[in-house]
Amino acid sequence: MIIVQTERLFLRHFHILDHGPMYRIFGDADVMRFGDGVQTKEWVHGWLATCFDQYQQWGFGPYAVVERTSREVIGYCGLFFFPDVGGQAEVEIGYRFARAAWGYGYATEAARAVRDWAFQTLCLKRLIAMIDPNNTASIRVAKKLGMQYERDVMFEGYTHPDHVYVITAS
């Protein structure tokens with residue numbers, strides 16, 4: 001199911017056939033350097049299953065970002081529910097793209113579409129992005145969305161806090 005479309009992209013629900021493109025993303029050390037590291041094929045299968053569950057439970061989740069001309073999955077962008085971020089429930093806008101898709105503005109284009117969909121269609125009032133403070137590319141995307149730094153948050157098992165960027169519906 002297509003969720004949103006932009007000039008160059010469309011975002012749709014994941015399906016099991018997306019395992020290969022997502023493994024190329026989650027299996028790339030450069031892509032994963034600000035995440036939990038390189039993931040296995042089995043982990044990607046589990047992540048996709050979690051996406052399917054999130055669509056059912058929350059009515060949103062991460063979406064496959066597909067380049068319209070090539071029809072290739074180049075990443076994901078979507079919404080993630082977190083029950084406890086520094087003591088409160090939050091919805092995060094998150095994105096990750098294949099290295100070959102970096103530098104073309106795809107992350108900003110997809111994230112703007114998801115932000116607008118979240119505010120206009122889902123009627124959410126607030127979105128956050130939790131970003132490693134060294135991930136300057138993701139911070140740039142968050143700022144282009146109109147997000148502003150709010151605070152740091154430390155998660156169990158992490159060696160450093162993430163920055164929390166916030167935007168509220170106008």
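The shown structure was predicted, so the numbers you read here are calculated from the model rather than taken from an experiment.
Judged by distance alone, the side chain of D116 and the main-chain N or O of A113 form no donor-acceptor pair under 3.5 Å. Of the possible donor and acceptor atoms, one in the side chain of E92 sits under 3.5 Å from a partner among the backbone N and O of M130. With W102 contributing its side chain and F97 its backbone, the two residues share a donor-acceptor pair below 3.5 Å. For R68 (side chain) and T6 (main-chain N/O), a donor-acceptor pair under 3.5 Å exists by modelled atom type. Of the possible donor and acceptor atoms, one in the side chain of H19 sits under 3.5 Å from a partner among the backbone N and O of K41. Using a distance-only test at 3.5 Å, with no hydrogens or angles considered, no donor-acceptor pair links the side chain of E90 to the main chain of I128. Side-chain N or O atoms of R112 include none that pairs as donor or acceptor with a backbone N or O of E109 at under 3.5 Å. In terms of modelled atom types and a separation under 3.5 Å, the side chain of E150 and the main chain of M147 share no donor-acceptor contact.
Between L11 and I2 the shortest side-chain heavy-atom distance does not fall below 4.5 Å. Proximity of F60 to V114: side-chain heavy atoms (C-beta onward) are nowhere separated by under 4.5 Å.
Between W117 and G59, the closest heavy-atom pair is CH2-O, 4.1 Å. The nearest pair of heavy atoms linking R151 to G86 is NH1-CA, 3.8 Å.
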Before giving the answer on side chain to side chain donor-acceptor pair (under 3.5 Å), spell out for D152 and H160 the whole-Å C-alpha distance, their side-chain angles and the decisive distance to 0.1 Å. CA-CA 9 Å; D152 283 353; H160 61 78; over 6 Å; no
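Here the options are Y63, Y55, W47, the test is ring-ring contact (aromatic ring centres under 6.0 Å, His included), and the partner is F14; only W47 passes.
Environment of CD in Q5: crowded, with over 12 heavy atoms of neighbouring residues, nucleotides or ligands closer than 6.0 Å.
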